Participant: 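Take this structure, written in structure tokens, and hold onto it; I'll ask about it next.
For clarity, every value in this text was computed on a predicted model and none was experimentally measured.
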Amino acid sequence: MPELAEVEYYRKLWDVGVGTRVLRVALHADKRPLRGLDPKAVITALTGSTLLGSEAQAKQMLFCFGRRGKPTAWLGIHLGMTGHLRVEPSSFTPEKHDHLVFWQAGRALVFTDPRQFGRIRFDEGGSPPLWWTTLPPAVTSPEFTVDRLRAFVARRKKSTIKGALLMQEFFPGVGNWMADEILWRARLNPQRHSGNLTPAESKTLWHESRAVCRIALETVGVDFKDPPAGWFFHVRWSPKGSCPRCRQPIKTATVAGRTTRWCPKCQPENR
DNA sequence: CGAGATGTTCGGCT
DNA sequence: AAGCCGAACATCTC
């Protein structure tokens, strides 16, 4: 489920626990999401510490823990394909897929991931870890310029545009449904090669990437409500959907290894 | 029951 | 040699 905006939504769910001490930690040390992290190090560092705050970037979340108001440990969570966060009462008992639980007074903060493609990271220290501070510029940021996008698609000329949009190194946070939404709005066929985009098409791709990320964060990211009416989002979950603009039946194919849907009329192949 | 699922990583091939 | 593709990961749902 989780792309850019869903990740932001889940991050905020744990805000109720910010400023509060962690009384107990439970984790599934031998399961995939912990990726071999030393369970003792995590439990020792976080038990008795206070959740100081959190941030989301791309498909990643960073939770800061500390003592006496000073940061001492950093927990990263990537939700993978099926991960999510939630809050339970303090009487909560973890089940099979609850890989990480923080009990505080009156509540439990829970990370669940049945398919276990998610990933926990953990670092101690006074400042955010390198893997966090070196994430690429957000699509919605001023550093995400049309010139950088043109250079990127030119370099990835053998990749389909759909494939390029899924590359986290340049489009951090964009996932399968957002990529389809961006291409539909930009009227670009997902199977076209990145290297064939005209300068004008690259500019449209840049513009729509930013619009989709921004609006998704304002809707899905705030309270998990659907994106606005008229978005491709609403028809792309079934092969029988029709284009919100022209009512043409949409097409389905595997592009860049992912199920991809588009409007054959609005997004023609033209090579 | 089999296919496919909103993600990443790795190995193999060009 | 960079970069693309398909398979693998582990489980659940339709």
Participant: Report yes or no: do L75(A) and L52(A) belong to one cluster of Ile/Leu/Val/Met/Phe/Trp/Tyr joined by side chain heavy-atom distances under 4.5 Å?
Facilitator: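 They do not share one cluster, since no chain of ILVMFWY contacts under 4.5 Å joins L75(A) to L52(A).
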Participant: Does any N or O in the side chain of H193(A) come within less than 3.5 Å of the main-chain N or O of I161(A), such that one atom is a donor and the other an acceptor?
Facilitator: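 No, the answer is negative, given that no donor and acceptor are paired below the 3.5 Å cut-off.
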Participant: What nitrogen or oxygen pairs link the protein and nucleotides 11-13 of chain C at under 3.5 Å?
Facilitator:
unit_1: dT11(C); atom_1: OP1; unit_2: Q116(A); atom_2: NE2; d: 3.2
unit_1: dT11(C); atom_1: O3'; unit_2: H97(A); atom_2: NE2; d: 3.3
unit_1: dC12(C); atom_1: OP1; unit_2: K96(A); atom_2: NZ; d: 3.4
unit_1: dC12(C); atom_1: OP1; unit_2: H97(A); atom_2: NE2; d: 2.9

Participant: Can you tell me how far P of dC9(C) sits from CZ of R35(A), to the nearest Å?
Facilitator: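 Rounded to the whole Å, the gap is 13 Å.
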Participant: Calculate the interatomic distance between N176(A) atom CG and dT8(B) atom P; express it in whole Å.
Facilitator: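 Rounded to whole Å, this separation is 11 Å.
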Participant: Report yes if the distance between the aromatic ring centroids of W14(A) and Y10(A) is under 6.0 Å, otherwise no.
Facilitator: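 No, ring centres 6.0 Å or more apart.
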Participant: Taking 4.0 Å as the cut-off, does a side-chain nitrogen or oxygen of R156(A) come that near to OP1 or OP2 on dC4(C)?
Facilitator: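 Affirmative; the distance criterion is met.
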Participant: Could you state the CZ-P distance from R258(A) to dG6(C), rounded to the nearest angstrom?
Facilitator: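 In whole Å, dG6(C) P lies 13 Å from R258(A) CZ.
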Participant: Can you measure D113(A) atom CG to dT8(B) atom P for me and round it to whole angstrom units?
Facilitator: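 To the nearest whole Å, that distance equals 12 Å.
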Participant: Both atom distances under 3.5 Å, Watson-Crick or G-U wobble: I'd like the secondary structure of DNA chain B as a dot-bracket string, with | for pairs made across strands.
Facilitator: .||||.||||||||
Participant: Is the gap between the ring centers of F63(A) and F111(A) under 6.0 Å?
Facilitator: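 Distance test on ring centres: not under 6.0 Å, no.
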Participant: dC9(C) C1' sits how many Å from H99(A) NE2, rounded?
Facilitator: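 After rounding, the reported distance stands at 13 Å.
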Participant: For dA10(C) versus dG11(B), give the span between their P atoms, rounded off to a whole number of Å.
Facilitator: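 Roughly 16 Å separates the two P atoms.
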Participant: Would you indicate which nucleotide in dT9(B), dT8(B), dG3(C) comes nearest to any side-chain atom of R155(A)?
Facilitator: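 Between dT9(B), dT8(B), dG3(C), the one nearest the side chain of R155(A) would be dG3(C).
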Participant: How far apart are the C-alpha atoms of F102(A) and F65(A), what are their side-chain angles, what is the distance that settles it, and do they pass the ring pair (Phe, Tyr, Trp, His ring centres under 6.0 Å) test?
Facilitator: CA-CA 12 Å; F102(A) 297 113; F65(A) 295 81; 5.2 Å; yes
Participant: Test side chain to side chain contact (heavy atoms under 4.5 Å, CB included) on Q248(A) and C266(A) and set out the steps.
Facilitator: CA-CA 9 Å; Q248(A) 193 74 194; C266(A) 296; over 6 Å; no
Participant: Quick check on salt bridge (charged side-chain N to carboxylate O under 4.0 Å, His left out): which of R236(A), R258(A), K251(A), R261(A) does D180(A) satisfy it with?
Facilitator: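 Option passing the salt bridge (charged side-chain N to carboxylate O under 4.0 Å, His left out) with D180(A): R236(A).
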Participant: Tell me: CD1 of I120(A) to P of dT8(B), nearest whole Å?
Facilitator: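 My rounded result for the distance is 15 Å.
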Participant: Can you tell me the distance, in whole Å, between the CD atom of E169(A) and the P atom of dT8(B)?
Facilitator: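 Taking CD of E169(A) and P of dT8(B), I get 12 Å after rounding.
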Participant: Whether K203(A) and E201(A) form a salt bridge (side-chain N of Lys/Arg under 4.0 Å from carboxylate O of Asp/Glu) is what I want to check.
Facilitator: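 Result for this pair is no, no salt bridge flagged.
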Participant: Under 3.5 Å, side-chain donor or acceptor atoms of residues 116-126 of chain A against the rest of the protein: list the pairs with distances, not counting sequence neighbours.
Facilitator:
unit_1: Q116(A); atom_1: OE1; unit_2: R32(A); atom_2: N; d: 3.3
unit_1: D123(A); atom_1: OD2; unit_2: W131(A); atom_2: NE1; d: 3.2

Participant: Can you check whether F117(A) stacks with the dC9(C) base, using ring centres under 5.5 Å and planes within 30°?
Facilitator: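 Stacking is present between dC9(C) and F117(A), given that their ring centres fall under 5.5 Å apart and the planes under 30°.
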